[in-house]
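Below is one structure, written out as structure tokens; the observations come after it.
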There are 2 protein chains.
Amino acid sequence: MSKYNQHHIDRFSTIFNALSNPHRLQIYTLLSGCCTPGTDCNIDNITSCCVGDLGSELDIAASTLSHHLKELSRAGLINMQRDGKQVICSANSEILNDIRQYFQGNPEVHHES
Amino acid sequence: MSKYNQHHIDRFSTIFNALSNPHRLQIYTLLSGCCTPGTDCNIDNITSCCVGDLGSELDIAASTLSHHLKELSRAGLINMQRDGKQVICSANSEILNDIRQYFQGNPEVHHES
DNA sequence: TCTATATTTCGAAACATGTCGAAATATAAT
DNA sequence: ATTATATTTCGACATGTTTCGAAATATAGA
């Protein structure tokens, strides 16, 4: 894990910053809802849901939720796409893999360099 | 990963908050310097070094470094113990395992509950 | 005890973040 | 066109963070 350079440090600190707020971590945890009990962990098994659905879980103002989603999106952790009246959010599985690899200590496997 | 409760969310958001600052992430990455290239990843292979050594790497005021170390320590990510004039810092490998498991999505394996 | 080295605490300045409500925008249905 | 629903942008406020230098504390050695 010590072989990461400044570029990696900046990238991952941005990612961890996005996950450093309880509301945002809850959103991200909901969206990357793979690995339910009794299931093999499978990163393709990612859920998606619209902004309103997330709002029902969180008890914060819609404007605050929107702000947090933008932060998660800026960090590359989630994708958002409009579908009619709603905006569908989903976890970005590539980044989830990058994070896993970061904590395993293998910088050379990252998809960006 | 969706089976984490509020307690987990609060705990991990605190951890990610500690890693959300580039200087702190650099410190933590230095301290959890396992898995050098050509080496099998082995979390027992954790380095330790004193505050002054870390300061030589970072180009920030000593008081700032001290503040960051306190943050990492508060989050449980590192241990600090005085040895004579120096204070020795080391990564906490249990927490590193918890983080790995968080991103693997297995809440039931955590050492605290 | 006096001095040198290592680290922390304190206080202050600059900056960033989380939150809200109100207003704006986007889309679909009537 | 008007209305209803979903989401975002804006402006503001309170709070938290990062950083520093100066002063304080801890330890070891002369």
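The chains referred to below are lettered A, B, ... by the order of the sequence lines, with proteins before strands, and numbering in each begins at 1. These numbers were taken from a predicted model, which means no experiment stands behind them. The basis for the numbers below is simple: all heavy atoms, side chains too, and nothing from hydrogens, waters or symmetry mates.
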Review point. Rounded to whole angstroms, how far apart are CZ on B/R82 and C1' on D/dT25?
Key: 9 Å

Revision key, fill the gap. Here the distance between atom P of C/dT17 and atom CZ of A/F16, to the nearest Å, is 17 Å

Review point. How close or far is atom P of C/dT8 from atom CG of B/L72, stated in whole angstroms?
Key: 12 Å

Practice item. Would you indicate, yes or no, if D/dC20 has its OP1 or OP2 atom less than 4.0 angstrom from a side-chain nitrogen or oxygen of B/S63? Key: no

Check your understanding: Looking at B/S66, does any N or O in its side chain come under 4.0 Å of the phosphate oxygens OP1/OP2 on C/dT8?
Key -> yes

Review point. Is there a donor-acceptor contact under 3.5 Å from the side chain of B/N5 to the main chain of B/H8?
Key: yes

Please report, to 0.1 Å, the donor-acceptor pairs under 3.5 Å made by any side chain of residues 75-82 of chain B, with sequence neighbours excluded.
unit_1, atom_1, unit_2, atom_2, d
B/R82, NH1, B/G84, O, 3.2
B/R82, NH1, B/K85, O, 3.2

Check your understanding: Can you check the B/H67 NE2 to C/dT8 P distance for me, whole Å?
Key -> 13 Å

Exercise for review: Look at all strands and tell whether A/I60 reaches a base, only sugar-phosphate, or nothing, counting heavy atoms closer than 4.0 Å.
Suggested key: sugar-phosphate

Review point. In Å and rounded to the nearest 0.5 Å, what is the CG to CD1 distance from A/L19 to A/I27?
Key: 10.5 Å

Practice item. Select one nucleotide: of D/dT19, C/dT7, D/dT8, the one nearest the side-chain heavy atoms of A/V51. Key: D/dT8

Point to revise | Ring-ring centroid check B/F103 A/Y28, cutoff 6.0 Å | key: no

Study note, to complete from the structure: Between CG of A/N21 and P of D/dT17 the distance, given in whole Å, is 11 Å

Exercise for review: Would you mind reading off the distance between B/E71 atom CD and C/dT9 atom P, rounded to a whole angstrom?
Suggested key: 12 Å

**Study point:** Presence of B/K70 side-chain N/O under 4.0 Å of C/dT9 phosphate oxygens OP1/OP2
**Key:** yes

Check your understanding: A/I88 CD1 to D/dT8 P: how many Å, rounded?
Key -> 11 Å

Study note, to complete from the structure: Of the candidates C/dA6, D/dC20, D/dT7, the side chain of B/K85 sits closest to C/dA6

Point to revise | Rounded distance in Å - CG (A/D83) to C1' (C/dT27) | key: 11 Å

Exercise for review: Would you indicate which nucleotide in C/dT5, C/dT19, D/dT7 comes nearest to any side-chain atom of A/H23?
Suggested key: C/dT19

Check your understanding: Is the distance from OP1 or OP2 of C/dT17 to the nearest side-chain N or O of A/H68 less than 4.0 Å?
Key -> no

Could you tabulate the donor-acceptor pairs under 3.5 Å formed by side-chain atoms of residues 62-71 of chain B, not counting sequence neighbours?
unit_1, atom_1, unit_2, atom_2, d
B/H68, ND1, B/R24, NH1, 3.1
B/E71, OE2, B/R74, NH2, 3.2

